[in-house]
Amino acid sequence: PSKRRLDATARTVESERMQSLFTFTAPPSPCGYLPDREWSLHYEIVGGLGPADYLELMSRGWRRFGYSLFRPECPACTACQPLRVRVDTFRPSATQKRVAKRNAGEVTVTVGVPDVTREKLALYDRFHAFQTTLKGWPAKPPEAAYDYAEAFVDNPFPTEEWCYRVGGRLVGVGYVDALPGAMSAIYFFYDPAERDRSLGVWNVLSVLESARCRGVEYVYLGFYVEGCRSLDYKAKYRPNEVLDRETGTWRPFLGPPDS
């Protein structure tokens with residue numbers, strides 16, 4: 001191969017190599033998942049990160065928003081369990097099948113490049129206000145375009161934005177990482193007026209189906225926390241696995257029953 005091609009390959013490899021800027025561990029504070037406990041998150045801020053490197057980090061319990069990587073390092077609690085679903089053996093429950101039947105043909109999804117729009121910001125704010133009332137999430141002011149972009153739009157490698165619409169109206173937005181041999185569901189929010197559709201369930205089912213079509217092995221769903229109403233749903237996608245943080249290995253897991 002020519003020197004020009006070798007140089008181009010070297011630049012590509014270098015651009016995908018993880019570039020750590022700094023790390024820190026936040027001091028213990030009231031847990032955002034289980035209010036009667038304290039948490040402490042370890043962060044690593046990166047200037048560059050490739051999909052393969054991130055997949056390896058996820059296999060060790062890391063997650064990310066934008067360029068910020070994090071994982072729990074709570075001295076007295078191990079409730080946060082990274083969870084993934086094996087695509088080829090996943091079988092939807094009766095409840096999940098009903099959700100699929102309810103939304104198929106009525107909800108359209110387009111996958112594109114993340115961006116910030118007033119429509120998405122308004123939907124994000126309505127979702128969080130609803131979660132504050134329903135689940136006691138901390139109240140927050142309207143989301144600034146800059147903060148939204150920092151979390152979802154500015155990424156170290158290409159990320160997919162999944163927009164769900166009913167009759168042309170935006171009802172849900174999800175962010176997904178497509179990685180070598182895996183997909184990762186980063187975040188999803190929806191229109192509270194459409195909560196009877198269980199769009200969060202529909203989003204996970206859609207990602208799992210996309211993963212099956214792409215031939216990847218796992219879908220990573222982030223942290224499962226038993227007793228946290230915002231996170232314990234993840235164990236209902238079966239069969240699944242959780243990371244044993246003491247041994248660093250993944251083991252079969254079930255979690256609470258689902259109909």
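Just so we're clear, the structure is a prediction, and the values are computed from it rather than from any experiment.
K140 is linked by a side chain to side chain donor-acceptor pair (under 3.5 Å) to E143, counting only residues two or more places apart in sequence or in another chain. Qualifying side chain to side chain donor-acceptor pair (under 3.5 Å) partners for Y220, counting only residues two or more places apart in sequence or in other chains: R84. For the salt bridge (charged side-chain N to carboxylate O under 4.0 Å, His left out) test, no residue two or more places apart in sequence or in another chain qualifies with E150. Legend: residues meeting side-chain contact (heavy atoms from CB on, under 4.5 Å) with E38, ordered by chain and number and at least two apart, are P28. Under the rule for a salt bridge (charged side-chain N to carboxylate O under 4.0 Å, His left out), the partners of D177 that lie at least two apart in sequence or sit in another chain are R64. Contacts of E106 classified as side-chain contact (heavy atoms from CB on, under 4.5 Å), with partners at least two apart in sequence or in another chain: R102, R197.
Other residues, nucleotides and ligands place more than 12 heavy atoms under 6.0 Å from the NZ atom of K135. Counted within 6.0 Å of OH on Y146, heavy atoms from surrounding residues, nucleotides or ligands total 12 or fewer; the atom is thus considered open.
Between T89 and R238, the side chains place no donor N or O within less than 3.5 Å of an acceptor N or O (distance only, hydrogens not considered).
Here the straight-line distance linking atom CG of L41 with atom CG of L69 works out to 12.5 Å at 0.5 Å rounding. Note that the OG atom of S68 and the CZ atom of R63 stand 14.0 Å from one another [nearest 0.5 Å]. To the nearest 0.5 angstrom, Y175 atom OH is 6.5 Å from F152 atom CZ. With rounding to the nearest 0.5 angstrom, the CG atom of N240 is 8.5 Å from the CG atom of L221.
Residues M183 and Y218 have side chains not in contact (no heavy-atom distance under 4.5 Å, counting atoms from C-beta outward). For the pair V176/T159, no side-chain contact is recorded, criterion being any heavy-atom separation below 4.5 Å from C-beta on. Considering only heavy atoms from C-beta on, L49 stays 4.5 Å or farther from Y67 through its side chain. The shortest distance between side-chain heavy atoms of W162 and V173 does not fall below 4.5 Å. Between Q96 and F90 the shortest side-chain heavy-atom distance falls below 4.5 Å. Between L170 and C163 the shortest side-chain heavy-atom distance falls below 4.5 Å. L83 has its side chain out of reach of L243: every pair of non-hydrogen atoms, C-beta onward, lies at least 4.5 Å apart. Side chains of V225 and D232 form no contact here, defined as non-hydrogen atoms less than 4.5 Å apart.
Across all non-hydrogen atoms, the minimal contact from C228 to L34 is N-CD2, 4.1 Å. Summarising the geometry of L55 relative to A182, their closest heavy-atom pair is CD1-CB, 3.7 Å, with the distance given to 0.1 Å.
Listed by first and then second residue, the salt bridge (charged side-chain N to carboxylate O under 4.0 Å, His left out) pairs that reach into residues 178-193 are R126-D191, R169-D191, sequence neighbours excluded. Counting only residues at least two apart or in different chains, side chain to side chain donor-acceptor pair (under 3.5 Å) contacts with residues 39-50 comprise S20-E44, T25-H42, S29-W39. Listed by first then second residue, pairs satisfying salt bridge (charged side-chain N to carboxylate O under 4.0 Å, His left out) with a partner in residues 216-228 read R86-E217, not counting sequence neighbours.
Between the side chain of T132 and the backbone N or O of W137, at least one donor-acceptor pair lies under 3.5 Å. Looking at D244, its side chain does come within 3.5 Å of a backbone N or O of E246 through a donor-acceptor pair. Under the 3.5 Å distance criterion, the side-chain polar atoms of K234 are matched with a main-chain donor or acceptor of F223. A donor-acceptor pair is defined here as one N or O able to donate and one able to accept, closer than 3.5 Å; no such pair exists between the side chain of D53 and the backbone of P51. Counting only distance, with no hydrogens or angles, the side chain of D154 and the backbone of A151 share no donor-acceptor pair below 3.5 Å.
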Does the side-chain hydrogen bond (donor to acceptor under 3.5 Å, both in side chains) test come out yes or no for T95 and S93, once each step is laid out?
CA-CA 5 Å; T95 298; S93 67; 4.6 Å; no

Only distances under 3.5 Å count here; give the side-chain donor-acceptor pairs of residues 70-81 to other protein atoms, sequence neighbours excluded, each with its distance to 0.1 Å.
residue, atom, partner, partner atom, Å
R71, NH1, R60, O, 3.1

Side-chain atoms of residues 199-216: list all donor-acceptor pairs with protein atoms under 3.5 Å, sequence neighbours left out, distances to 0.1 Å.
residue, atom, partner, partner atom, Å
N203, OD1, Y164, OH, 2.8
S206, OG, W202, O, 2.7
E209, OE1, R212, NE, 3.1
E209, OE2, R212, NE, 3.4
E209, OE2, R212, NH2, 2.5
S210, OG, R214, NE, 2.9
S210, OG, R214, NH2, 3.2
R214, NH1, E160, OE2, 2.9
R214, NH2, E160, OE1, 3.1
R214, NH2, E160, OE2, 3.3

Which atom pairs, donor and acceptor, lie under 3.5 Å between side-chain atoms of residues 115-123 and protein residues at least two apart or in another chain?
residue, atom, partner, partner atom, Å
D115, OD1, K120, NZ, 2.2
T117, OG1, K120, N, 3.1
E119, OE1, R165, NH2, 3.2
E119, OE2, R165, NH1, 3.3
K120, NZ, D115, O, 3.3
K120, NZ, E161, OE1, 2.6
K120, NZ, E161, OE2, 3.0

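Just one residue in the list F189, F130, Y190 forms a ring pair (Phe, Tyr, Trp, His ring centres under 6.0 Å) with Y124, and that residue is F189.
If you look at Y224 and Y233, their ring centroids are not closer than 6.0 Å.
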